[in-house]
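One structure below.
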Amino acid sequence: MFASFSALFVRRRGAARLGAATLVSGLVAAGVLAGAGQAAAGDETTQGEGGAAATIAGLKTYGTAVIHGGTGEQQVSAGLFEMSVEGGGMLQTYCVDLHNPTQRDAKYHETPWGGTSLGANKNAGRIRWILQNSYPQVNDLAALARKAGVRGALTEQDAAAGTQVAIWRYSDDVAVDALDPQAEQLADFLEKNARNLPEPRASLTLDPPAVSGRPGELLGPVTVHTNAGGVTVAPPADAATSGVRIVDKQGRAITSAADGGQVFFDVPEDAAAGSAELTVQASTTVPVGRAFASESRSQTQILAGSSESTVSATAGATWAKQGAIPALSAAKNCAKGGVDIIASNKGDEPYTFELAGLEHTIAAGETRTVTVPLQEDQAYDFTIHGPGGFTQRFTGMLDCQTRSSETGTATQTLSEPSPATVGGTATDTNLAETGSTGVTPLIAGIALTLVVIGGATLIVLRRKASPTID
């Protein structure tokens, strides 16, 4: 399946220094929600983080690269992917997860670096510099060639391949070269000149994504973080019958908000224990350097370009008149190798729950984070059960590491249509099909139910100013 290759201009960089990721079975744990007060009833399913959600359309502009390893040399396609955004918009991305597969039509969502392999990669900021200083952000290829000292014409295919190769050297710590000499010269320039930049802000998130309290009070605040000029705010679907309103801190009903704006749930004083969810949406360009992860074991991507695209986020509220009143959320934590469960209690009695065989008690007014350890590539399915029939679900997969071809994991290979020596622009989808033959049905093989206390993903993002591009 792999084609060996050698040429005078290809420099051997030695074997890649990558850790192996072992496919393991899921961890099964039971979670029981217990508390003195009544919990809200609901059956919501919460998935992913706020921001853009998209479907990968394939590898569109690419050339050829060569990976050097202990098992020989392997030719691979290297270049730009395209994604279509739910609600409208298009994204261009590069791969930052070379040795994992790209699943056809996989669904992706905008993700903090900490929820991917970039979170533990000290060179992640250099990848962002490469993205900002190369194709397609720099689309004057003649100027890019001059700046990089490229001898000869630089085509779109060369630029895409050279940029991807430079990224792989930092994202996967792999010995890789571009096949075309112009692409290789660009890759060398980008690698040598890259410097660390901070993680870009999310296009849209809500912080926190879950709040709680007593009816008759304003539940919140939920703060909007976005690079858009403003967002629309949609009230709960049953607002007309429940009487729940979305308001500002003065209690005035609102339908829009700006970056940094605070919104609240206004729950009628006579409301029975319950829950509600609001949605915010905007149209904006997603910041270059944002990570995109899939829950179907499809290789992690990083944003290289964005059209005006639809982005959205949700936040939920839970209320009760007395007893424990929990608010629960979850976030992947690659630094700790697991999923963080963030539990707060706005009630007047302790809130006790069991998580992975351990009992945790959240005192009235307390917030605590509990990390559920998971194995790499482990699928999880968190279901929340509580008094009053409350249920909520969060599913995903822990994908925090890149893989090594040195340990028998196959790499991204040339798939039809195979690019010529210099590469080309595909009119048909040319997915970078990676991994062994058993990888595609991976989810079906390893997904086990993990019943714990969890909820909507919590994303805590620091504001970062976009640096000036040299």
Side-chain angles (χ1 to χ4, degrees), residues 1-23 58-59 61-81 94-104 117 121 123 127 157-158 160-188 190-192 297-301 376-377 399 401-424 426 430-440 442:
M1 192 173 192
F2 299 113
S4 63
F5 171 81
S6 62
L8 292 177
F9 61 84
V10 175
R11 294 176 287 106
R12 294 178 179 270
R13 300 177 184 272
R17 294 175 286 114
L18 294 166
T22 303
L23 182 63
L59 187 61
T61 306
Y62 59 88
T64 306
V66 181
I67 299 175
H68 311 288
T71 58
E73 295 176 337
Q74 302 167 347
Q75 286 191 20
V76 299
S77 298
L80 273 172
F81 289 83
Y94 287 106
C95 162
V96 288
D97 196 7
L98 171 62
H99 297 286
N100 282 323
T102 299
Q103 307 292 350
R104 187 175 299 275
S117 61
N121 186 340
N123 290 314
I127 296 172
Q157 293 75 34
D158 295 336
T163 304
Q164 178 65 91
V165 165
I167 289 171
W168 277 336
R169 292 172 183 173
Y170 283 122
S171 66
D172 290 72
D173 194 19
V174 66
V176 60
D177 295 288
L179 176 63
D180 184 89
Q182 283 75 31
E184 174 65 10
Q185 291 163 21
L186 175 61
D188 285 345
L190 295 171
E191 178 189 15
K192 292 174 182 177
R297 202 65 187 97
S298 190
Q299 62 184 194
T300 305
Q301 305 280 312
E376 176 69 8
D377 294 341
D399 184 7
Q401 300 174 13
T402 55
R403 298 185 182 200
S404 171
S405 59
E406 309 301 312
T407 60
T409 302
T411 22
Q412 170 174 288
T413 65
L414 294 175
S415 56
E416 83 281 357
S418 297
T421 301
V422 178
N430 178 11
L431 291 180
E433 295 174 353
T434 65
S436 62
T437 55
V439 171
T440 301
L442 178 65

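Quick caveat: nothing in here was measured; it's all calculated off a predicted structure.
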Nearest 0.5 angstrom please: [X] [atom1] to [Y] [atom2], how far?
X	Y	atom1	atom2	result
N121	D173	CG	CG	8.5 Å
R169	K192	CZ	NZ	9.0 Å
Y94	L59	OH	CG	10.0 Å
D172	L98	CG	CG	5.0 Å

Judged by atom type as modelled, is there a donor-acceptor pair below 3.5 Å linking the side chain of [X] to the main-chain atoms of [Y]?
X	Y	result
D158	Q182	no
E376	Q401	yes
E184	A178	yes

Item to check | Test applied, side-chain hydrogen bond (donor to acceptor under 3.5 Å, both in side chains); reference residue, T102; option that passes from Q301, Q299, R297 | outcome: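 Of all the options given, the one that passes is Q299.
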Can you see which heavy atom on [X] is nearest to which on [Y], and at what distance?
X	Y	value
W168	V174	O-CG1, 3.6 Å
V165	A187	CG1-CB, 3.8 Å
S298	Q103	OG-N, 2.8 Å
S171	C95	OG-O, 4.4 Å

Checklist entry - Using a distance-only test with no angle check, is there a side-chain donor-acceptor pair under 3.5 angstrom linking H68 and D177? => result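 Yes - a donor-acceptor pair under 3.5 Å links their side chains.
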Checklist entry - Only one of L190, V96, N123 clears side chain to side chain contact (heavy atoms under 4.5 Å, CB included) with Y170; which? => result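 Output: one option passes, namely N123.
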